[in-house]
Amino acid sequence: MKGRWWIGLGIVLVAAAATWAEVHRNNLVPPTKWTTANPIVGPSRTHPISLMSPVGDRTKVLPLPPGHLPNTDWYLPITPQSQLTYVLHDGQSRWLVNGHAIALQNAPTDPVGQLVFAPDGRELAWSQPHGVSLIRSNGTTQTMPHAIIGYFTAHNFFDYVTKTGTSLEIHSRFPTRTLSASDSLGYHPFVFDGHSLVFDQAGQISLLSLSTGAVNPILRVRPSRWPQLVDSVSYDSHIALLFRRPSALPAYLLALKTDHTILWYRWKTGLKPQMGISAGHLVINNLDPSGQLVALGTHNLHPLPQSTGLFSQSPKGVVFETNRGFILLSQIG
C-alpha cells in the first residue's frame, strides 16, 4: 500500500513539473500570431508573392584547383589565380593564391555572411570579436580595431563599419558617416557597390547614401515580429532584404524593393537561408524545409532543379556542391 502511495505521488509531481515547464516556456516565448495579413507596415502598397511553377537552369561543373583541402565542401573561385576552399564546421580554410597555399588562421568557421573578398583576388577580410582581420596575397595581415563589418567595392576599395561607444561610423571613399550604435545592419549592409548602406532603426529600414549623407526610407516592419535584419543584397535598382523572427522554428521574411512596389514572402524553416545573385536573378536557398533553391521571376518565386546547402557567392554567380562536384549556376530559365 505504501509503495502505491509513493508511485501516485511521483505521477503527481511529474505532471506538476510538466505543467510548470509548459507555463514557463510560454512565458519565455509569448504566443504571437506571425502570419499577419501584411508583415510590411509601410508603405501600404505592397504585394505578396507566391512559390509558382518550376523553371529550368543550366549549370557548369567547376573542378577544384590543385592543392585544395581534402573533403572540401565549400568552394569560392574569385579569379583564376585566387580561390578559397573550406571544410565547413571543422575550422579548416585554405587560400590558393598565385600558386601558393595559405592556411587562414582564425578564419570564421562559417564563411557565409562573415568572409568578404576583393574582386581582384588579392585580399580577404572577416569579422572577429576584436575587429576585422585583413590578409593580403603576399601573406601580410592587418586588423581594423573596433571594426564589425567589412566590404570590398568593385574597384577593390575596402569599406568598413566601426562601433565605438554609442555610434557606428561608416568608413569609405566618401566622407565618414555616423549612425546610432543601436541601429542594426545585418551581414551585408553595403549595397550598390558601396554607394549606400542599409540599416534597421527599430523596424524602420532605410538607405543611407554614403556620398551625400541623405537617408531614404525603404520600408517598415513590426520590430516585435521581425526583430532581426539578417541580410541585404542589391541588383539592378532592386534591394532584397531578409528578416528573421527567432523561435523554436524560426520564421523568415523576404522583402524586395523594386522601382514601383514592395514584394514579400514569408516562411518557416530550421535551415539557414541565403540570398545570392546568379545569372542576373535573385536566388534563395532553404526557402522551405526541403532546401530547394528558388529564383525570383518577374513577380513570383520559381523552384530550380537544384538543392543546396550553404553556397558561395562568386563573381560569376552562385557555386555549390552536388553529387557531381561543385557547380556554377550559369543560367536560369
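Nothing here was measured: the structure is a model prediction, and the numbers come from that model. Just so it is clear, the values below take in all heavy atoms, side chains as well, and ignore hydrogens, waters and symmetry mates.
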Is a side-chain N or O of [X] found less than 3.5 angstrom from the main chain of [Y], in a donor-acceptor match?
X    : Y    : value
W126 : G150 : no
D57  : L304 : no
R222 : P227 : no
S330 : R58  : yes
S232 : L241 : no
H302 : S53  : yes
T269 : L271 : yes
Q331 : A279 : no
T261 : R45  : yes
N216 : L207 : no

Common cluster, [X]/[Y], ILVMFWY with side-chain heavy-atom separation under 4.5 Å:
X    : Y    : result
I218 : L229 : yes
L115 : V112 : yes
V116 : I78  : no
V198 : I170 : no
L263 : L51  : yes

Inset, instruction - May I have the step-by-step check of side-chain hydrogen bond (donor to acceptor under 3.5 Å, both in side chains) for T178 and E169, ending in yes or no? - result: CA-CA 5 Å; T178 303; E169 291 188 348; 4.8 Å; no
Legend entry - Qualifying residue, where the test is side-chain contact (heavy atoms from CB on, under 4.5 Å) with V319 and the options are L76, I327, T308, L62: L62
Legend entry - Criterion side-chain contact (heavy atoms from CB on, under 4.5 Å) against S172, the qualifying member of L210, V161, T153: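 Considering L210, V161, T153, a side-chain contact (heavy atoms from CB on, under 4.5 Å) with S172 is found only for L210.
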How far apart are the closest heavy atoms of [X] and [Y], and which atoms are they?
X    : Y    : answer
S127 : V132 : OG-CG2, 4.0 Å
A181 : G165 : CB-O, 3.8 Å
M275 : A240 : CE-O, 3.6 Å
S278 : G317 : OG-CA, 3.6 Å
I284 : L282 : CD1-CD2, 4.3 Å
R244 : Y252 : NE-OH, 3.2 Å

Inset, instruction - For H171, check ring pair (Phe, Tyr, Trp, His ring centres under 6.0 Å) against everything at least two apart and list the hits. - result: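 With sequence neighbours excluded, H171 shows a ring pair (Phe, Tyr, Trp, His ring centres under 6.0 Å) to Y160, given in chain and number order.
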Are the side chains of [X] and [Y] in touch, meaning some heavy atoms are under 4.5 Å apart?
X    : Y    : value
P315 : F117 : yes
D110 : Y86  : no
I332 : V283 : yes
L219 : P43  : yes
L310 : L88  : yes
L293 : L287 : no
L134 : T143 : no
L328 : F320 : no

Legend entry - Trace of the side chain to side chain contact (heavy atoms under 4.5 Å, CB included) decision for Q128 with N106: CA-CA 8 Å; Q128 296 200 79; N106 301 314; 3.3 Å; yes
Using 0.5 Å steps for rounding, measure from the [atom1] atom of [X] to the [atom2] atom of [Y].
X    : Y    : atom1 : atom2 : value
S206 : R220 : OG    : CZ    : 10.5 Å
R122 : I135 : CZ    : CD1   : 15.5 Å
F243 : I40  : CZ    : CD1   : 6.5 Å
L179 : S167 : CG    : OG    : 9.0 Å
R266 : W226 : CZ    : CH2   : 7.0 Å
L64  : Y75  : CG    : OH    : 6.0 Å

Distance only, no hydrogens: is a donor on one side chain within 3.5 Å (strictly under) of an acceptor on the other, for [X] and [Y]?
X    : Y    : value
S180 : S182 : yes
T46  : N38  : yes
S312 : S314 : no
W95  : S82  : yes

Legend entry - More than 12 heavy atoms from other groups under 6.0 Å of NE2 on H130: yes
Inset, instruction - Please indicate whether K272 has more than 12 foreign heavy atoms, meaning atoms of other residues, nucleotides or ligands, lying under 6.0 Å from its NZ. - result: yes
Inset, instruction - Describe, in one word, how the ring planes of Y151 and F190 are oriented to each other, choosing from parallel (under 30°), tilted (30 to 60°) and perpendicular (over 60°). - result: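 Parallel: the ring planes of Y151 and F190 meet at under 30°.
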Inset, instruction - Using the side chain to side chain contact (heavy atoms under 4.5 Å, CB included) rule, take F326 and T72 through it: C-alpha gap first, then chi angles, then the decisive distance, then the call. - result: CA-CA 10 Å; F326 286 92; T72 290; 3.9 Å; yes
Inset, instruction - Report the C-alpha distance between T164 and T162 in whole Å, list the side-chain angles of each, state the deciding distance to 0.1 Å, and finish with yes or no for side-chain hydrogen bond (donor to acceptor under 3.5 Å, both in side chains). - result: CA-CA 6 Å; T164 54; T162 59; 5.1 Å; no
Inset, instruction - If a pair satisfies salt bridge (Lys or Arg N to Asp or Glu O under 4.0 Å) and one of its residues is in residues 90-100, list it, with sequence neighbours excluded. - result: none
Inset, instruction - With sequence neighbours excluded, tell me which residues meet side chain to side chain donor-acceptor pair (under 3.5 Å) with T59. - result: R324
Legend entry - Check: F174 ring centroid to H195 ring centroid under 6.0 Å: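 Between F174 and H195, the centre distance is under 6.0 Å.
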Legend entry - Criterion side chain to side chain contact (heavy atoms under 4.5 Å, CB included) on L84 and L104, from CA distance to verdict: CA-CA 10 Å; L84 196 62; L104 301 181; 3.7 Å; yes
Legend entry - Trace of the side chain to side chain contact (heavy atoms under 4.5 Å, CB included) decision for V215 with F199: CA-CA 10 Å; V215 174; F199 68 99; 3.9 Å; yes
